[in-house]
Amino acid sequence: MSKIAIVDKIHSDGIKLLEKNQKFQHEVIEDLSKENLISKLPAFDGITLRRGKIDAEILEKCKNLKVISRHGVGYDNVDIKFLKKNNITLLVTATTASVSPAEHIMFMILNISKGKNFYDQAVRNGKFESIMHMKNNNNFELANKKILIVGFGRIGRKLIKRCLGFEMKVYAYDPFVDQKTIEYLGGIKVNDLNDGLKEADILSLSVPLTEKTHNMINLEKMKMMKKSAVIINTSRGSVVNEKDLNEALNTGILYGAGLDVFEKEPPDNDNPLLKNKRIVLSPHAATFTNECRSNMSIETVQNVIDFFENKMNKSMIVKL
Ligand SMILES: NC(=O)c1ccc[n+]([C@@H]2O[C@H](COP(=O)([O-])OP(=O)(O)OC[C@H]3O[C@@H](n4cnc5c(N)ncnc54)[C@H](O)[C@@H]3O)[C@@H](O)[C@H]2O)c1
């Protein structure tokens with residue numbers, strides 16, 4: 001019998017799969033502190049991991065561990081060098097975590113372009129009539145606007161369809177995806193990030209957090225963009241420099257932003273981004289739909305089961 005640790009609570013649909021399979025025993029671990037993980041995890045053969053950081057010090061103690069199955073596709077919360085060295089398999093939810101994030105990016109773009117926060121507050125505060133006669137506002141149509149998608153993977157490819165539905169012009173910057181693939185899906189390949197930034201009305205980031213993408217969008221890059229431009233970051237907080245973004249929004253270098261992710265999660269109460277009205281915020285919630293949460297929990301657990309039953313779908317395995 002294999003023992004599986006469910007690190008951080010997941011939707012019950014995934015747990016049910018383990019409950020009805022006699023070959024597995026499981027325990028849900030909700031206390032994500034390092035002390036707790038280091039004391040609990042050595043007893044397990046497999047781990048499913050949503051939030052929680054599993055570093056080399058913890059892994060060192062997990063002598064039975066054969067597989068980590070991420071509830072998600074990013075894996076910056078696991079020490080992958082250790083996994084590689086010790087032949088521990090890393091799995092991700094490759095098929096279920098892209099529709100909701102792509103929709104979430106559209107939700108943020110639409111919120112900003114249609115002034116949702118402003119209108120919502122205005123109507124609630126009895127300003128309906130005065131808004132009706134406002135001469136100018138900053139709202140804009142998406143049709144014919146240029147969006148630059150940085151990172152043309154699973155989410156980027158779902159996003160392009162939604163953008164084309166809104167008649168936007170889609171540019172994609174991803175050095176690892178060829179022109180043919182991007183053009184086939186209706187986009188235009190950008191070879192130089194700076195060229196894309198200069199053209200973009202909207203920049204959306206869907207890249208993994210790596211040494212190369214850390215602080216990829218800093219003040220220097222923001223200054224290349226149009227003053228009317230909007231940045232949407234649903235990838236990882238550190239891909240966009242938060243301090244620079246705040247400055248850019250406060251000094252008119254950029255118009256607006258949508259952030260689902262933060263350098264530190266949850267962000268500190270005194271993080272100035274929380275007070276910046278030019279930003280639409282959400283709590284790392286791009287996958288928080290009923291469908292996505294259920295499907296991701298099932299895929300996360302099914303991946304572990306398939307691993308131990310030797311029938312792994314190769315597309316779920318991360319090449320370390
Ligand atoms: N906010 C959320 O809840 C949420 C949900 C899902 C994914 N994510 C984040 O979004 C990221 C993307 O997800 P995905 O499923 O599309 O991943 P993916 O691996 O399918 O696609 C990522 C793409 O980024 C490209 N890329 C890598 N380095 C790059 C670079 N330096 N410049 C440009 N492109 C680069 C890759 O070639 C790849 O095509 C994940 O790594 C994760 O961090 C966040």
Side-chain angles (χ1 to χ4, degrees), residues 8 10-11 49-51 53 70-78 80 90-109 148-163 170-182 184-185 187 189-197 200 203-218 221 231-240 257-263 265-267 280-289 291-293 295-297 299-300 315-320:
D8 199 15
I10 59 173
H11 194 281
L49 176 65
R50 192 177 170 202
R51 291 172 311 150
K53 193 169 167 62
R70 269 283 291 130
H71 180 283
V73 290
Y75 40 84
D76 40 285
N77 54 344
V78 195
I80 50 170
L90 178 63
L91 310 171
V92 291
T93 46
T95 67
T96 52
S98 49
V99 169
S100 283
E103 290 184 357
H104 200 85
I105 293 166
M106 293 311 294
F107 148 83
M108 289 191 143
I109 295 172
L148 173 65
I149 301 177
V150 171
F152 201 67
R154 289 167 292 232
I155 295 172
R157 290 171 211 208
K158 292 280 192 257
L159 179 61
I160 190 172
K161 292 186 187 170
R162 285 143 182 88
C163 294
V170 184
Y171 294 77
Y173 172 75
D174 190 324
F176 309 102
V177 178
D178 61 25
Q179 181 169 349
K180 222 168 132 190
T181 306
I182 293 170
Y184 177 75
L185 290 168
K189 183 170 169 75
V190 168
N191 290 312
D192 181 335
L193 176 61
N194 295 347
D195 291 343
L197 292 174
L203 164 66
S204 175
L205 298 150
S206 291
V207 284
L209 177 61
T210 64
E211 277 169 20
K212 283 233 169 83
T213 62
H214 184 267
N215 272 338
M216 182 185 208
I217 305 298
N218 56 18
K221 299 285 185 205
I231 295 181
I232 308 291
N233 187 16
T234 61
S235 61
R236 286 292 181 264
S238 308
V239 173
V240 175
L259 298 180
D260 184 47
V261 287
F262 300 84
E263 281 170 10
E265 294 184 1
V280 169
L281 301 166
S282 59
H284 203 142
T287 56
F288 290 7
T289 60
E291 294 85 351
C292 194
R293 284 173 58 244
N295 293 337
M296 279 174 78
S297 75
E299 193 164 58
T300 307
S315 68
M316 308 289 174
I317 302 173
V318 178
K319 288 191 195 94
L320 296 171

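When a residue number appears, it is its place in the shown sequence, counting from 1. Just follow the structure's listing: the first ligand is 1, and inside any ligand the first atom is 1. Values below: every heavy atom of this structure, side chains too, minus hydrogens, waters and symmetry copies.
Within the 4.0 Å heavy-atom shell around ligand 1 one finds Pro175. Judged by the shortest distance from any of its heavy atoms, Leu209 lies outside the 4.0 Å radius around the atoms of ligand 1. Residue Thr210 places no heavy atom under 4.0 Å from ligand 1.
By the 3.5 Å distance cut-off applied to N or O atoms, Arg236 is counted among the residues near ligand 1. Checked by distance only, ligand 1 and Asp76 stay at 3.5 Å or farther apart across all their nitrogen or oxygen atoms. Checking only distances, Ile155 does come within under 3.5 Å of ligand 1, N or O to N or O. The shortest N or O to N or O distance between Arg157 and ligand 1 is not below 3.5 Å. The shortest N or O to N or O distance between Thr213 and ligand 1 is not below 3.5 Å.
Using a distance-only test at 3.5 Å, with no hydrogens or angles considered, no donor-acceptor pair links the side chain of Asp8 to the main chain of Arg50. With Asn218 contributing its side chain and Lys221 its backbone, the two residues share a donor-acceptor pair below 3.5 Å. The backbone N or O of Met216 sits nowhere less than 3.5 Å from a side-chain atom of Thr213 that would complete a donor-acceptor pair. Of the possible donor and acceptor atoms, none in the side chain of Lys189 sits under 3.5 Å from a partner among the backbone N and O of Lys180. Between the Asp178 side chain and the Thr181 main chain, a donor and an acceptor come within less than 3.5 Å of each other. In terms of modelled atom types and a separation under 3.5 Å, the side chain of Asp260 and the main chain of His284 share a donor-acceptor contact. Side-chain atoms of Ser238 never come within 3.5 Å of backbone atoms of Asn215 as a donor-acceptor pair (strictly under, hydrogens ignored).
Under 4.0 angstrom from ligand 1, the non-hydrogen atoms of Phe152 all belong to its backbone. Residue contacts with ligand 1, taken as heavy atom pairs separated by less than 4.0 Å, do not involve His104 at all. Contacts between Val207 and ligand 1, counted as non-hydrogen atom pairs separated by less than 4.0 Å, involve both the backbone and the side chain.
Closest protein heavy atom to atom 28 (N) of ligand 1: Phe176 CE1, 3.6 Å. In this structure, atom 36 (C) of ligand 1 lies nearest to the protein heavy atom Asp174 OD2, 3.4 Å. Given atom 17 (O) of ligand 1, the protein heavy atom at minimum distance is Arg154 NH2, 3.6 Å. Protein heavy atom in closest approach to atom 3 (O) of ligand 1: His284 CD2, 3.1 Å. The protein non-hydrogen atom at the shortest distance from atom 4 (C) of ligand 1 is Thr234 O, 3.7 Å. Among protein heavy atoms, the minimum distance from atom 21 (O) of ligand 1 is reached at Gly153 CA, 3.2 Å. Ranking protein heavy atoms by distance to atom 40 (C) of ligand 1, first place goes to Val73 CG2, 3.9 Å. The protein atom (non-hydrogen) at minimum distance from atom 27 (C) of ligand 1 is Pro208 CD, 3.6 Å.
Interface of Asp260 with ligand 1, defined as ligand atoms under 4.0 Å from a residue heavy atom, comprises 1 (N), 2 (C), 3 (O).
Nearest to atom 22 (C) of ligand 1 by heavy atom, out of Ser235, Gly237, Ser206, is Ser206.
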Assess whether side chain to side chain contact (heavy atoms under 4.5 Å, CB included) is satisfied between Arg70 and Leu90, documenting all intermediate values. CA-CA 7 Å; Arg70 269 283 291 130; Leu90 178 63; 4.2 Å; yes
Going through the checks in order, is the side chain to side chain contact (heavy atoms under 4.5 Å, CB included) test met by Ser235 and Val150? CA-CA 10 Å; Ser235 61; Val150 171; over 6 Å; no
Would Ser282 and Met108 satisfy side chain to side chain contact (heavy atoms under 4.5 Å, CB included), going step by step from the backbone distance to the final call? CA-CA 9 Å; Ser282 59; Met108 289 191 143; 3.3 Å; yes
Test side chain to side chain contact (heavy atoms under 4.5 Å, CB included) on Leu205 and Leu203; report intermediate values, then the result. CA-CA 7 Å; Leu205 298 150; Leu203 164 66; 4.3 Å; yes
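Results of the side chain to side chain contact (heavy atoms under 4.5 Å, CB included) test with Ile105 over Thr234, Ile149, Asn233 single out Thr234 as the only residue that passes.
Residues Glu299 and Thr95 bring a donor and an acceptor atom of their side chains to less than 3.5 Å of each other.
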